[in-house]
K.L.:
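The structure is given below, and queries will be raised subsequently.
In what follows, every chain begins at residue 1, and chains take the letters A, B, ... in the order their sequences are listed.
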Protein chains: 4
Amino acid sequence: MIDKSIIEAENAKRAAALRADYDALGENLARRGIDIAAVKAKVASYGVAVPSWGVGTGGTRFARFPGAGEPRHIFDKLEDCGVIQSLTRATPAVSLHIPWDKAPAADLLAKAAQLGLRFDAMNSNTFQDQPDQPHSYKFGSLSHADRATRAQAVEHNIECIEIGRALGSKALTVWIGDGSNFPGQTDFTRQFERYLESMKQVYAALPDDWRIFSEHKMFEPAFYSTVVQDWGTNYLIAKELGDKAFCLVDLGHHAPNVNIEMIVARLIQFGKLGGFHFNDSKYGDDDLDTGSIDPYRLFLVFNELVGAEGKAGFSPAHMLDQSHNVTDPIESLMVSATEVQRAYAQALLVDRKALAACQDGNDALMATTTLKHGFRTDVEPVLAMARMEAGGAIDPVATYRASGYRAKVAAVRPRVTGGGGGIV
Amino acid sequence: MIDKSIIEAENAKRAAALRADYDALGENLARRGIDIAAVKAKVASYGVAVPSWGVGTGGTRFARFPGAGEPRHIFDKLEDCGVIQSLTRATPAVSLHIPWDKAPAADLLAKAAQLGLRFDAMNSNTFQDQPDQPHSYKFGSLSHADRATRAQAVEHNIECIEIGRALGSKALTVWIGDGSNFPGQTDFTRQFERYLESMKQVYAALPDDWRIFSEHKMFEPAFYSTVVQDWGTNYLIAKELGDKAFCLVDLGHHAPNVNIEMIVARLIQFGKLGGFHFNDSKYGDDDLDTGSIDPYRLFLVFNELVGAEGKAGFSPAHMLDQSHNVTDPIESLMVSATEVQRAYAQALLVDRKALAACQDGNDALMATTTLKHGFRTDVEPVLAMARMEAGGAIDPVATYRASGYRAKVAAVRPRVTGGGGGIV
Amino acid sequence: MIDKSIIEAENAKRAAALRADYDALGENLARRGIDIAAVKAKVASYGVAVPSWGVGTGGTRFARFPGAGEPRHIFDKLEDCGVIQSLTRATPAVSLHIPWDKAPAADLLAKAAQLGLRFDAMNSNTFQDQPDQPHSYKFGSLSHADRATRAQAVEHNIECIEIGRALGSKALTVWIGDGSNFPGQTDFTRQFERYLESMKQVYAALPDDWRIFSEHKMFEPAFYSTVVQDWGTNYLIAKELGDKAFCLVDLGHHAPNVNIEMIVARLIQFGKLGGFHFNDSKYGDDDLDTGSIDPYRLFLVFNELVGAEGKAGFSPAHMLDQSHNVTDPIESLMVSATEVQRAYAQALLVDRKALAACQDGNDALMATTTLKHGFRTDVEPVLAMARMEAGGAIDPVATYRASGYRAKVAAVRPRVTGGGGGIV
Amino acid sequence: MIDKSIIEAENAKRAAALRADYDALGENLARRGIDIAAVKAKVASYGVAVPSWGVGTGGTRFARFPGAGEPRHIFDKLEDCGVIQSLTRATPAVSLHIPWDKAPAADLLAKAAQLGLRFDAMNSNTFQDQPDQPHSYKFGSLSHADRATRAQAVEHNIECIEIGRALGSKALTVWIGDGSNFPGQTDFTRQFERYLESMKQVYAALPDDWRIFSEHKMFEPAFYSTVVQDWGTNYLIAKELGDKAFCLVDLGHHAPNVNIEMIVARLIQFGKLGGFHFNDSKYGDDDLDTGSIDPYRLFLVFNELVGAEGKAGFSPAHMLDQSHNVTDPIESLMVSATEVQRAYAQALLVDRKALAACQDGNDALMATTTLKHGFRTDVEPVLAMARMEAGGAIDPVATYRASGYRAKVAAVRPRVTGGGGGIV
């Protein structure tokens, strides 16, 4: 873990400059009628979950290039997550993936407690075959043509719920790779009927205080059609299942050019927004670092979320979901958590009364200018101050590098050699 | 109109070859267990509506280049539609656009009767301002921030219903240009609430035996967001309105790469497919001739439709909706009507029992091969024979050219000069 | 025009706050080793041209909704451009479009001199038919199958050069609508050969100190293919023509997802970047306000430009090219000019030495963080200070509204009524 | 291998029907002035290469689901390729991938001779790390910032040439994964300069009678930028390298909506079309079976190729490149080879004189109808007859299944268990 003294030493180098920037921003915001302390308080209370698999180096179907000190198992992963939380104070929860993260509940709870972490939504996996699994998911899982294969997938999801109950989780996220690669390979309607039937069985096993999130995705690993291809189908699912069922939005799972913030608004309006997998993308499900490609789009999503704050029953789950192929995953996750906070803080600055007046008066130019005023404000001092005050680092990446954490774990975790991805 | 003797003379040149091709195809189909006469009968009974505005030369925002003999009014347009029907025997109905086609109902009915045409769905227009219109649609119509503007738009739609009742129409199609050009220009949720409120007023005026079709479109003329951006929102509308409300699918109104045939399947499954605006596109709402860019996609749509034939309440409306910028509109509409019939005929050839068996057995290769077997069959002899037997032309375009119709109408309809589109 | 006293009065309200923000930013930048005054000086010397047609309300093929006080002719347009320049001090030049802006050279020069404006690149128009034009451009212009039509288009371009010479312009921009709407409509190769032949004739008429810019565009108004579809073809053109030929990049003319900043880099590397048409887009050639949809993309383009500053022969032309459908065009152009300056100023802040070190060391995370540090800095105080010191407005839109300019010109310029776009 | 008697027995079941269909088509074509025997002869002489890696089951970054009888090494792969060739008579050559297919040249040549196969273009691999490789390709290969890594990649490519020389290959295909995942991660220009420098070294080692093919790709495995992102950059490479350098077009490597057949035409016109990787795609580099998603697009590509036949120096390489995730790879490759032949045969039927006349006369409708007449002709009888006469199968898939080949090899090739793709 990161020694407190390192954080303090690093913060000491930057505290005076931060104070100056914070005060200047405070004055600027005061002139705009905004209390910087109130914004800071909201930022400080905001958290985004980290996926357990995110702390390992990702890969493509062509290759995987591991880094030094790759986590060997869920306990290594939790330690890496603990580093992220200790430096950013923005990632209090970890989202587990079953079966990858299977371990005795008591051990997981103990480790998490020691690291100041808790467990977010559980993630099932029916897009891969596990050794000794009776039925293959090559042709689908929850929507498979064969009843026994569907039953196996249902059972796995129910097992994920059971594991999550023991860990204090309150939600199950279901993403599947089911679909087809050829026109005609599947009957769209019968396949979807089977999917719904399976999901209803999973839903029936859901505790009363749990939620289930279905996730839509346009393509990959299926390349002609996917069962839950877009938010339209996702909404139908949530509607068919019931009040505990919601739609999860992964920012990289849409068709080119699609207006994602509008999808978010629609799901909020109809009471079915479950939460997010945050990342960024330029082409497809690129799983790049959040805000790295189009930070304004991220802001526009948060503009919808801030606008909906306080709406009855509105409580979306926030999680990062990225693939780190060329960076140290811990660094990427720290920066990404900060980017999510940044978008949130910027959205908090929008003068919503003025905005509504522009909208009602068809003053398109001042409406968009009002919105953008929030976005172009450099809120870094607010984020950094919130981090510092919570015991985190003003500059998480620099502090992390100063700590030598990666080298330390590389010394005990065996080197993993690279190799082919799925194609070889 | 086209003189019968011309059709007969042109058909005479081609009848022997057609007979040979038809017989050869018949033998081939017989070997596949398909009765060519049964296919021909289904094709013969199939019709697709022609939009009144389609017989005029279209344009872009940059320019419009009219052709010779542009129709001056709805009666000229009906005559052009009559030509299409007389040669193809595939387009028995015309879809009117209000206010462009306003005229005394008795005159319209008389003209249509004379031409052997009837009236399909009515189309309202709240995407343009008409002279002397009190409220502008610059910032929206059914979803406008201003109540009076919305009321005007509602009233116009109700007027369209009234006009349609007098003409024997049974449906209203609502496409609007409402949306926004800037992030923040509108509040997505309030805008959609206003849209729903307006549509409920229109719906309330709908006769019992009518249907109302809402049409989604991703962009244009609004370039940041549209109120009915995709089938997801469109489904919500149909659901909110009631049992007489359905979704209309225009093939060119989707995001890049979207699987349209799957959207069709979903809308069928949930009882909300209202019908189609057929055309083709490569980039956006290009409004190109149906089947001219991706004929296999058109076939895959018809594969869903044929698969759903006989389903209770399944009765989608079929209409062409194209913009003819570089062709004689009559020729384009004739060819397009034929392309729709072609896709229908090919979809009828699919061995659905064999297909289902492949699907259930996860035989992806033979499933897609089975489907494609229908597509790669050249069904032109079936279409041509059906046309000829109904009094139409074996080769509609050649016969039309032989008739000299365009020159004849050009002699009486004044020449229209070109000019700028919307941008000037 | 805008009275100086109004500018001064409006500035007086904002000067103290600006000073405070400017000083705070100056301190922040000083800590980063950046001299704010040097940045301000570069911003102050930066200018982006305004297109004459941009000050009128745009339209789509569906409709045009004019605003109050639409300019009647080029002299009205120049006055509007003068307003933009007087308030922003960022738009010293106007780009003319022929034949729309034809007028005696002496009158144009006099008016421009009076307004403190000069003339940028000339724009030809062979995408529309003009009254009394012998040959139609319906099927193409510079690439038309017919020699006489091509000759007419060549002659028009040469006339544009002649007009420009008299006005002090130094460049001709050629954008054409040539292409096709159907597979097979044209032979790609023969069409492009004809295009090149025509362009060589235009090139031959180019004065020694002029440049010619060809502009690529993926689609619209042609919807299956365009002659200059992308930068690859555009590069071939510039290469075939010679040293005075360059490629113009319109930000909205690319395929979905394309990395535009990389195209900019390639054209710079191979000495063929001619300049820009700045705007923003979400779907196609939406012609939205610059930076309104994806401000980070604009910054990334400027990152390439700043990186290339000082390279021999590097002198791209900067112009706005937008369609203003729902805003006052003057306001949109002022804000857009500011957005271009903003991206430029942010790109100037990037620590290029640190960036290069990250790149050479494969430190992807710190490379992108270094880049983004420039982007997330709020440079508005620099822009506003530069404007104020040059006699412009701290807040151009507020000052413009305070001036009542629009109402004044609306009183003398007759109201234009709306109507259909190209489709009617 | 497939026993001749099986082929004969299967053909016997289908020969009479084939003869009838062939004769009927012959009559139809004769009426169109086309000699069916001439078309058949051209089809019979056409071949498309099979990639060695294509006969194994592919995978995605999420998972790989192997089938029965997966080939263990290049000799198994060659046997599978031999099956494809013996049944389709359309795939006389195999394209090797180094280091995956490394083996003694004499053994490879002997095996190929035995199977009636020869070796097509060699493929290098610098997108994965091999065990014991001194320098990692995590951050690039031919364009890596580090000189030693580039040298290693250059050397590997030269080794591929050496291996190929011994096998009778005449071309090297270079596809690399180099690019970046973050804005700023690389300097576009310096990266491309390094790439060119490396490629020039490879080019220098190219025998006089060899060609080198560079391959562009928009994204994946790099998700912000790729070094050879499109045909524009690819053309620059071929131009910089010299007369033996050409561009390879993979149908799935382009931006959404891009007009690929036009890119083919441009590369032909400028003498730089090297060849193809055939496959199909709906979203990205989906690597689906050729012609399975958009068969008309494939036809339009072949329309360009047939149009260029006979042009001096025109001799593009044809290869399949697909990933078979849900089918038996042998079946997919047989069907795909047939689809390529189908598109070729259909393109041969186009009446090019009539087409050119329509183009010159701006008869867009008849131009596209003329083109499509070729496409909608069912040429299966021509393909099947050509196969049968060459000793292949009328129905390759049915014959293959009847042969029991897969079960036979599964008995001797050990079962491979599934597992995660690159992400785990």
K.L.:
Side chain, backbone, both or neither: which part of A:Ser136 has a heavy atom under 4.5 Å from chain D?
P.N.:
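The side chain, not the backbone.
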K.L.:
Is chain A contacted by the side chain of D:Pro66, its backbone, both, or neither, given a heavy-atom distance below 4.5 Å?
P.N.:
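Backbone only.
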K.L.:
Hey, are the side chains of A:Phe223 and D:Ile293 touching, using non-hydrogen atoms and a 4.5 Å cut-off?
P.N.:
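When only atoms from C-beta onward are counted, D:Ile293 and A:Phe223 do not touch, as no gap falls below 4.5 Å.
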K.L.:
For a quick check under 3.5 Å, do D:Glu70 and D:Thr57 share a side-chain donor-acceptor pair by atom type?
P.N.:
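A donor-acceptor contact under 3.5 Å links the two side chains.
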K.L.:
If you count heavy-atom pairs under 4.5 Å between each of D:Lys282, D:Met218, D:Glu220, D:Gln130 and chain A, which one has the most?
P.N.:
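Counting heavy-atom pairs under 4.5 Å, the top option is D:Glu220.
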K.L.:
Please state whether the side chain, the backbone, both or neither of A:Pro221 comes within less than 4.5 Å of a heavy atom of chain D.
P.N.:
both
K.L.:
Which atoms of A:Tyr224 come close to chain D, meaning under 4.5 Å heavy atom to heavy atom: side chain ones, backbone ones, both, or neither?
P.N.:
both
K.L.:
Which label fits D:Trp175 and A:Phe62: parallel for a plane angle under 30°, tilted from 30 to 60°, or perpendicular past 60°?
P.N.:
tilted
K.L.:
Let's test your reading of the structure: which of A:Asn125, A:Asp280, A:Asp285 forms the most heavy-atom pairs below 4.5 Å with chain D?
P.N.:
A:Asp285
K.L.:
Between A:Asp287 and D:Arg61, is the closest basic N to carboxylate O distance under 4.0 Å?
P.N.:
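Judged by the 4.0 Å cut-off on N to carboxylate O distance, D:Arg61 and A:Asp287 do form a salt bridge.
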K.L.:
Taking the six-membered ring for Trp, are A:His97 and A:Phe127 parallel (under 30°), tilted (30 to 60°) or perpendicular (over 60°)?
P.N.:
perpendicular
